[in-house]
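Quick caveat, the model's predicted, so the values are computed rather than measured.
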Amino acid sequence: MILKYVSFLIGLTWSYSLIKTQSIFSKKTGLIFKIFISKVSWLTFLVAIYFGYKNFSLQSTLIGIVVSVAFVHLGFVLLGKLLKSKFTDKQLMFSKNFFEYSLIVWIIYYFIY
């Protein structure tokens with residue numbers, strides 16, 4: 001039963017982290033990310049909640065949701081502070097632009113091949 005609950009928490013955390021990642025990108029790339037990745041992540045998040053509701057008590061499911069969402073938000077805050085302390089704003093913008101364009105190229109490549 002513990003293994004099921006841990007897998008439930010991992011599923012919630014994974015899917016919510018992909019949902020939260022959408023907020024990092026610019027509007028154009030965020031739209032592409034929202035269409036192709038975030039929709040699936042929301043579906044995965046909702047299915048994980050349903051899985052938790054069917055296999056555990058309502059209280060355990062709600063605790064799992066709160067813990068996963070809090071863990072993802074805390075991770076993003078701490079990672080943001082770490083990146084801002086290690087790199088300059090110019091380096092962060094370059095990296096962000098590189099990852100955004102890489103995502104666009106990856107999606108175009110996926111559709112072509």
Side-chain angles (χ1 to χ4, degrees):
M1 188 59 112
I2 293 175
L3 188 60
K4 272 187 174 181
Y5 195 72
V6 169
S7 65
F8 164 67
L9 290 176
I10 290 171
L12 283 175
T13 305
W14 178 262
S15 59
Y16 189 72
S17 65
L18 288 175
I19 293 166
K20 179 75 174 144
T21 302
Q22 172 192 345
S23 66
I24 296 172
F25 294 108
S26 67
K27 293 199 184 287
K28 291 178 186 176
T29 310
L31 179 66
I32 292 171
F33 192 86
K34 185 176 188 175
I35 291 171
F36 294 106
I37 298 170
S38 184
K39 296 273 186 206
V40 174
S41 298
W42 272 110
L43 181 64
T44 306
F45 188 71
L46 294 174
V47 168
I49 291 171
Y50 179 74
F51 171 80
Y53 177 70
K54 283 297 186 182
N55 289 303
F56 312 112
S57 68
L58 180 62
Q59 181 182 7
S60 297
T61 303
L62 291 175
I63 289 171
I65 294 168
V66 169
V67 166
S68 296
V69 169
F71 182 72
V72 169
H73 281 278
L74 180 66
F76 271 77
V77 167
L78 293 177
L79 185 61
K81 286 182 179 182
L82 176 72
L83 289 174
K84 286 180 183 178
S85 71
K86 297 279 183 186
F87 302 103
T88 65
D89 286 337
K90 188 175 180 179
Q91 290 173 324
L92 289 174
M93 286 304 295
F94 177 78
S95 298
K96 180 181 173 187
N97 289 334
F98 174 77
F99 286 120
E100 286 179 353
Y101 290 123
S102 297
L103 177 66
I104 293 170
V105 168
W106 180 75
I107 290 173
I108 291 171
Y109 176 80
Y110 178 77
F111 277 122
I112 292 174
Y113 298 104

Geometric class of the Y16/W42 ring pair [parallel <30°, tilted 30-60°, perpendicular >60°]: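 The arrangement is perpendicular - the two ring planes meet at more than 60°.
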
Parallel, tilted or perpendicular, as decided by the 30° and 60° cut-offs, for the rings of F98 and F94: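 Plane angle under 30°, so parallel.
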
Heavy-atom donor-acceptor pair, S60 side chain to F56 backbone, under 3.5 Å: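 Absent.
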
Between [X] and [Y], which heavy-atom pair has the shortest distance, and what is it?
{"X": "G52", "Y": "T61", "result": "O-OG1, 2.9 Å"}
{"X": "M1", "Y": "N55", "result": "CE-O, 4.0 Å"}
{"X": "S41", "Y": "L18", "result": "OG-CB, 3.2 Å"}

Rounded distance [0.5 Å steps], CH2 in W14 versus OG in S7: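 Between W14 CH2 and S7 OG, I get 15.0 Å after rounding to 0.5 Å.
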
Gap between atom CG of L62 and atom OH of Y53 - 0.5 Å precision: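 Output value for this atom pair is 10.0 Å.
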
Single-linkage hydrophobic cluster [X]~[Y], side-chain heavy atoms < 4.5 angstrom:
{"X": "F51", "Y": "I49", "value": "yes"}
{"X": "L9", "Y": "L74", "value": "no"}
{"X": "M93", "Y": "F87", "value": "no"}

Test log, rule side-chain contact (heavy atoms from CB on, under 4.5 Å), inputs F76 and T21: CA-CA 9 Å; F76 271 77; T21 302; 3.7 Å; yes

Y5-F8 aromatic ring centre distance below 6.0 Å: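 Yes: the rings meet the under 6.0 Å criterion.
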
Sole residue of I65, T44, V67 in side chain to side chain contact (heavy atoms under 4.5 Å, CB included) with L12: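 Running side chain to side chain contact (heavy atoms under 4.5 Å, CB included) over I65, T44, V67 with L12 returns exactly one hit, I65.
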
